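Quick note: residue numbers are just sequence positions, from 1. A quick note: this is a predicted structure, and the numbers were derived from the prediction, not measured. Read the numbers this way: they start at 1 and go in the same order the structure lists the ligands and their atoms.
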Amino acid sequence: MGKVTIFPETSVRPITLIGARAGCCWGADVSDDAKNYKRGLDCIESNHGRTLEYVNVEMMLDGYSARVIREWYTHIGGAPTRLQASTRYINYSDFEYVTPPKIEADPKAKEIYDRVMREISAAGKELEELGIPREDSAMILPLGMTTKIVDRRNLRNLIDMSRQRMCTRAYHEYRELFSDICAALSDYSEEWKYIIDTQMKPKCEVLGYCTEKYSCGRRPKAEK
Ligand SMILES: Cc1cc2nc3c(=O)[nH]c(=O)nc-3n(C[C@H](O)[C@H](O)[C@H](O)COP(=O)(O)OP(=O)(O)OC[C@H]3O[C@@H](n4cnc5c(N)ncnc54)[C@H](O)[C@@H]3O)c2cc1C
């Protein structure tokens, strides 16, 4: 079970911030936060995407698999930044790992899965005893092991991510991770709750049809 921690550098009032920055360019009175909030809402509802880029989210994602973080790294719009736990300095001889639900539910599959993880862990220790440096023995670590990243990206990127990753076709751990992020931001402030409730949705909900080759059927396919 992963954990999302929202850092205090994340604006508690993202809508007000959007309105304040947009107001600078409209000759508006940006000292009035009620007006900033209203202007921010207008920007969001009018889909003025560039204004969303003034809201940064700084967070730590901890306990998700290295595999899902590999997919996380494909969302590069707006040049996000991140740091990931080192495989060189951290001792992974007893690494933790994510067990997918279908494996968890099948005792035989779980026995195989856990055995492979134990064998990798034991092999790592043997290589270390032979004097192989950790940066080399780390090559055998599995994608299922958990990792930790600190990440900063803007609101526009996160909304765009929801289009892909709230899709039923997205990898299930990513969908869970994205849902954890939405829950953490919703708890962070009322303005965030509004943004999550109104803006985070899969692409089919925005387009009114599905663009995926293999559709879940929630919306009709594009050609229909
Ligand atoms: C069901 C599913 C299966 C997938 N399978 C795979 C897979 O097998 N392998 C894989 O690698 N990925 C896979 N992905 C990930 C997917 O291909 C994208 O890499 C991911 O969604 C991030 O890219 P993005 O364009 O959505 O987001 P971002 O990179 O964050 O881009 C956001 C938006 O910014 C703009 N933008 C970004 N970069 C540029 C640019 N250079 N030039 C102009 N405009 C830009 C575009 O408008 C873009 O839509 C899969 C995703 C899904 C949902």
**Asked** Taking distance alone, with no angle check, do Gly77 and ligand 1 share an N/O pair under 3.5 Å?
**Response** yes
**Protein heavy-atom partner closest to atom 29 (O) of ligand 1 - residue, atom, separation in Å** = Ile76 N, 3.1 Å
**Cationic N near anionic O, under 4.0 Å, Glu205 to Arg218** = yes
**Prompt:** Hey, which atoms in ligand 1 end up nearer than 4.0 Å to a heavy atom of Gln164?
**Reply:** 21 (O), 26 (O), 53 (C)
**Message:** Whether Lys3 and Asp180 form a salt bridge (side-chain N of Lys/Arg under 4.0 Å from carboxylate O of Asp/Glu) is what I want to check.
**Reply:** no
**Request:** Decide, yes or no, whether a salt bridge links Glu58 with Arg153 under the criterion of side-chain N to carboxylate O below 4.0 Å.
**Result:** no
**Prompt:** Is atom 8 (O) of ligand 1 in close reach of the protein, with a heavy atom under 4.0 Å away?
**Reply:** no
**Message:** Under 4.0 Å from atom 41 (N) of ligand 1, is there at least one protein heavy atom?
**Reply:** no
**Asked** Can Met161 be said to touch ligand 1, with heavy atoms closer than 4.0 Å?
**Response** no
**Message:** As a test of the contact definition, would atom 20 (C) of ligand 1 count as having a protein heavy-atom neighbour under 4.0 Å?
**Reply:** yes
Which atom pairs, donor and acceptor, lie under 3.5 Å between side-chain atoms of residues 109-118 and protein residues at least two apart or in another chain?
from   : atom 1 : to     : atom 2 : distance (Å)
Lys110 : NZ     : Asp114 : OD2    : 2.8
Tyr113 : OH     : Val98  : O      : 2.6
Asp114 : OD1    : Tyr97  : OH     : 2.7

**Request:** May I ask you to say whether Arg50 pairs ionically with Glu53, meaning some side-chain N is under 4.0 Å from a carboxylate O?
**Result:** yes
**Fill in**
Near Asp160 (heavy-atom distance under 4.0 Å), the atoms of ligand 1 are 26 (O), 27 (O), 32 (C), 33 (C)
**Message:** Between Glu212 and Lys203, does any NZ, NE, NH1 or NH2 come within less than 4.0 Å of an OD or OE carboxylate oxygen?
**Reply:** yes
**Message:** For Tyr73, does the six-membered ring have the charged nitrogen or CZ of Arg82 within the cation-pi criterion, i.e. under 6.0 angstrom from the centroid and within 45° of the normal?
**Reply:** yes
**N-O pairing of Asp160 and Arg156 below 4.0 Å** = no
**Message:** I need the atoms of ligand 1 closer than 4.0 Å to a non-hydrogen atom of Arg169, numbered in the order shown.
**Reply:** 1 (C)
**Item:** Closest protein heavy atom to atom 11 (O) of ligand 1, given as residue, atom name and distance to 0.1 Å
**Value:** Thr74 CG2, 4.4 Å
**Asked** Any protein heavy atom under 4.0 Å from atom 36 (N) of ligand 1?
**Response** no
**Prompt:** Would atom 13 (C) of ligand 1 count as contacted, meaning some protein heavy atom under 4.0 Å?
**Reply:** no
**Asked** For ligand 1, which part of Arg165 has a heavy atom less than 4.0 Å away: the side chain, the backbone, both, or neither?
**Response** side chain
**Message:** So, using salt bridge (charged side-chain N to carboxylate O under 4.0 Å, His left out) as the criterion, who are the partners of Arg39 when residues are at least two apart?
**Reply:** none
**Request:** Give the atoms of ligand 1, by number and element, whose distance to some non-hydrogen atom of Asn157 is under 4.0 Å.
**Result:** 30 (O)
**Prompt:** Does the distance from a Lys or Arg side-chain N to an Asp or Glu carboxylate O, for Arg67 and Glu173, drop under 4.0 Å?
**Reply:** no
**Is_contact(atom 51 (C) of ligand 1), protein non-hydrogen, under 4.0 Å** = yes
